[in-house]
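These notes concern the structure reproduced below.
Hydrogens, waters and symmetry mates play no part in the numbers below; they use all other heavy atoms, side chains included.
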Amino acid sequence: MSSSHHTTSVDYESVDKAYLDKRKLKKGAAGWILLASLGVSYVISGDYAGWNFGLAAGGFGGMLVATVLMAIMYTAMVLSIAELSSSLPTAGGGYSFARRAMGPWGGYVTGTAILLEYAIAPAAIAIFIGGYVNELIGLNGPLVYAAFYALFVGIHLWGAGEALKIMMGITALAVVAILVFVVGMLPHFSVDNLFDIAPSAGVAGASAFLPEGFMGVWGALPFAIWLFLAVEGVPLAAEEAGDPARDMPRGIITAMLVLLVFAACVLLLAPGGAGAAAMSEHAAPLVGALQAVYGRDSWAAGFVNLVGLAGLIASFFSIIYGYSRQTFALSRAGYLPRWLSVTGERKVPYLALIVPGAIGFLLSLTGKGDLMITMAVFGATISYAMMTLSHLLLRRREPDLARPYRTPGGTLTSGVAFVLAIVAFLSTFVVSVEAALWSAVFYAIMLAYFGVYSRHHLVAQAPEEEFEAIALAEQELSDEEPAPGTV
């Protein structure tokens with residue numbers, strides 16, 4: 001069934017073959033193992049920094065309940081996205097799913113939400129990298145942020161296959177450091193350490209398990225998201241995968257399983273070994289936990305501190321890849337300025353790498369890592385609700401769509417993810433109204449651009465738009481044909 005009724009609000013322009021020839025990615029650069037490592041890489045910095053602020057917001061119990069809820073949401077969403085990415089394998093990822101299900105406005109709202117998340121998250125990670133570098137060599141600030149942006153945007157300009165392989169190596173280092181942390185902390189685990197935050201007086205439901213009461217769970221949700229944030233970016237590599245119908249589901253589901261194990265390990269062992277109170281405000285909780293049990297100068301703490309930088313770099317590096325592919329797809333289809341999607345000799349969208357990178361660098365100069373991450377979560381949760389809603393709508397409207405992989409549990413699975421995504425979105429207002437308002441300003445500007453200009457200049461031959469453009473052309477033909485019996 002076509003959804004041509006959505007097209008009344010947009011206008012298509014035809015382009016020649018040369019337009020798409022200048023906007024090609026390198027096919028076959030990624031197999032499923034590279035895609036799985038991309039999924040882990042997107043997220044792994046969340047294991048090293050940020051999640052532990054949820055202990056301050058809700059105590060161990062509040063953070064535990066929040067993490068279980070978000071683990072359910074992400075697992076259900078990943079299973080839904082696995083189906084969508086095998087059916088609709090384009091570089092647009094979530095934008096192309098929502099575009100198919102809800103028309104141009106739905107696609108654009110989803111694409112810009114992902115762009116908000118992916119353009120701002122590296123700015124936050126750059127600030128955290130500055131903190132780690134400062135610990136190691138005493139350097140921090142704009143010079144460090146600029147050096148890391150320049151280096152890793154530069155590696156991406158070299159080529160997708162090369163960049164993904166380097167990223168896989170950095171991710172492997174970060175995984176080794178987590179394993180060292182787990183082995184080092186296991187003998188020191190004590191349940192009593194988890195509950196050493198005193199219950200707040202006069203708070204509804206406050207207890208040793210929930211020191212901030214029931215509202216603590218609500219406040220901890222955005223920090224629980226940090227343990228999984230950005231895994232949904234794997235489908236952005238669809239056009240560079242060898243066999244997306246097979247590789248996409250295997251890659252993203254494998255990544256999610258690894259991330260669930262890591263989340264359980266850091267959440268239990270850092271506060272369980274060093275105390276929830278001590279970990280709740282530590283800038284580098286894994287390092288802090290090892291220092292607490294082995295001493296400040298122990299080799300384990302030093303190793304995890306040094307290699308922990310690889311965890312931050314892995315996410316920084318891979319999210320740069322993610323924002324460039326989302327920008328590329330939206331630009332190629334005409335939603336964003338078309339010059340952003342031009343690819344060079346190495347089949348890399350160089351302007352889609354450089355322009356959002358420059359914006360991210362400027363944002364990093366604020367030094368407000370927590371504000372940046374909350375803004376990223378704001379964008380992410382909108383996209384989660386839109387992507388899971390797309391799964392629900394496409395199952396109902398297009399039952400015959402080719403689905404090489406089918407989501408276990410079907411619409412029940414995506415329905416659970418949809419409800420939890422809305423809950424997670426609302427929680428960002430609890431944590432930071434400022435972050436929510438800045439995100440809303442970004443959104444208003446982007447929607448105004450689409451409403452006033454770009455919706456009248458969409459590209460009919462873009463992969464995400466072809467289906468709609470063909471349906472519209474067929475509709476116009478049938479409208480022009482004379483009715484039977486008339487001359």
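Side-chain contact between Tyr74 and Leu259 is absent, with no heavy atoms from C-beta onward closer than 4.5 Å. Between Trp51 and Thr67 the shortest side-chain heavy-atom distance does not fall below 4.5 Å. Inter-residue side-chain proximity for Val43 and Leu227 is flagged as unmet; no heavy-atom pair is nearer than 4.5 Å. Annotation: side chain of Tyr350 is in contact with side chain of Val342 (closest heavy-atom distance under 4.5 Å). A heavy-atom distance below 4.5 Å is found between the side chains of Trp218 and Leu221. No side-chain heavy atom of Leu351 sits under 4.5 Å from any side-chain heavy atom of Phe328.
Heavy-atom contacts from other residues, nucleotides or ligands closer than 6.0 Å to CH2 of Trp438 number 12 or fewer.
The aromatic rings of Phe148 and Phe316 stand perpendicular to each other, their planes meeting at an angle above 60°, with 30° marking the opposite boundary. Between Phe425 and Phe429, the ring-plane angle classifies as perpendicular under the 30° and 60° cut-offs.
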- Can you check side-chain contact (heavy atoms from CB on, under 4.5 Å) on Trp105 and Leu447, steps first, answer last? CA-CA 9 Å; Trp105 280 96; Leu447 289 174; 4.1 Å; yes
- Message: Let's go through Val175 and Val258 carefully: what are the C-alpha distance in whole Å and the side-chain angles of both, what is the deciding distance for side-chain contact (heavy atoms from CB on, under 4.5 Å) to 0.1 Å, and is it a yes or a no?
- Response: CA-CA 10 Å; Val175 168; Val258 171; 5.7 Å; no
- Message: Using the rule given for side chain to side chain donor-acceptor pair (under 3.5 Å), can you reason through Ser45 versus Ser315, listing the C-alpha separation, both sets of side-chain angles and the distance that settles it, and then say yes or no?
- Response: CA-CA 6 Å; Ser45 66; Ser315 293; 3.1 Å; yes
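Note that the OG1 atom of Thr112 and the CG atom of Leu336 stand 8.5 Å from one another [nearest 0.5 Å]. In this structure, Leu115 CG and Thr327 OG1 are separated by 4.5 Å, a value rounded to the nearest 0.5 Å. One distance of note links CZ of Phe152 with CD1 of Ile170; it measures 5.0 Å at 0.5 Å rounding. Of the inter-residue distances, the one linking Thr374 atom OG1 with Lys368 atom NZ reads 11.5 Å to the nearest 0.5 angstrom. Summarising the geometry, atom CH2 belonging to Trp32 is positioned 10.5 Å from atom OG belonging to Ser37; distances are rounded to the nearest 0.5 Å. Separating the OG atom in Ser87 from the CZ atom in Arg403 is a distance of 5.5 Å, to the nearest 0.5 Å.
A donor-acceptor contact closer than 3.5 angstrom links the side chains of Glu232 and Tyr384. Tyr12 and Glu465 form a side-chain donor-acceptor contact under 3.5 Å, judged by distance and modelled atom types alone. Looking at Thr407 and His391, their side chains do bring a donor and an acceptor atom within 3.5 Å of each other. Side-chain contact, Ser318 with Ser41: a donor N or O sits under 3.5 Å from an acceptor N or O. Residues Tyr42 and Tyr321 bring no donor and acceptor atom of their side chains to less than 3.5 Å of each other.
Evaluation of the salt bridge (Lys or Arg N to Asp or Glu O under 4.0 Å) rule for Arg406 yields no partner, not counting sequence neighbours. His456 pairs by the side chain to side chain contact (heavy atoms under 4.5 Å, CB included) definition with Asp11, not counting sequence neighbours.
Between the side chain of Tyr145 and the main chain of Gly360, no donor-acceptor pair closer than 3.5 Å is present. Of the possible donor and acceptor atoms, one in the side chain of Tyr108 sits under 3.5 Å from a partner among the backbone N and O of Met446. Side chain of Arg397 to main chain of Ala101: a donor-acceptor pair is present (N/O by atom type, distance under 3.5 Å, no hydrogens or angles). Of the possible polar contacts, none joining the Tyr19 side chain to the Val459 backbone as a donor-acceptor pair under 3.5 Å is found. A donor-acceptor contact shorter than 3.5 Å is absent between the side chain of Ser432 and the backbone of Thr428.
The six-membered or imidazole ring of Trp226 lies near that of Phe223, with a centre-to-centre distance under 6.0 Å. When ring centroids are compared, Tyr449 and Tyr335 stay outside the 6.0 Å threshold.
Smallest separation of non-hydrogen atoms from Val15 and Arg338: CG1-NH1, 4.1 Å. Listed here is the closest heavy atom pair of Met248 and Ser85: CB-OG, 3.4 Å. Leu35 and Ala237 get closest at one heavy-atom pair: CD2-CB, 3.7 Å. Scanning both residues, Ser414 and Thr388, for their nearest heavy atoms gives O-CB, 3.6 Å. In terms of heavy atoms, Glu239 sits closest to Pro463 at OE2-CG, 4.4 Å. Of all non-hydrogen atoms in Pro349 and Ser324, the two that sit nearest each other are CG-O, 4.3 Å.
The pair Glu464-Arg332 meets the salt-bridge criterion, since a charged nitrogen lies less than 4.0 angstrom from a carboxylate oxygen.
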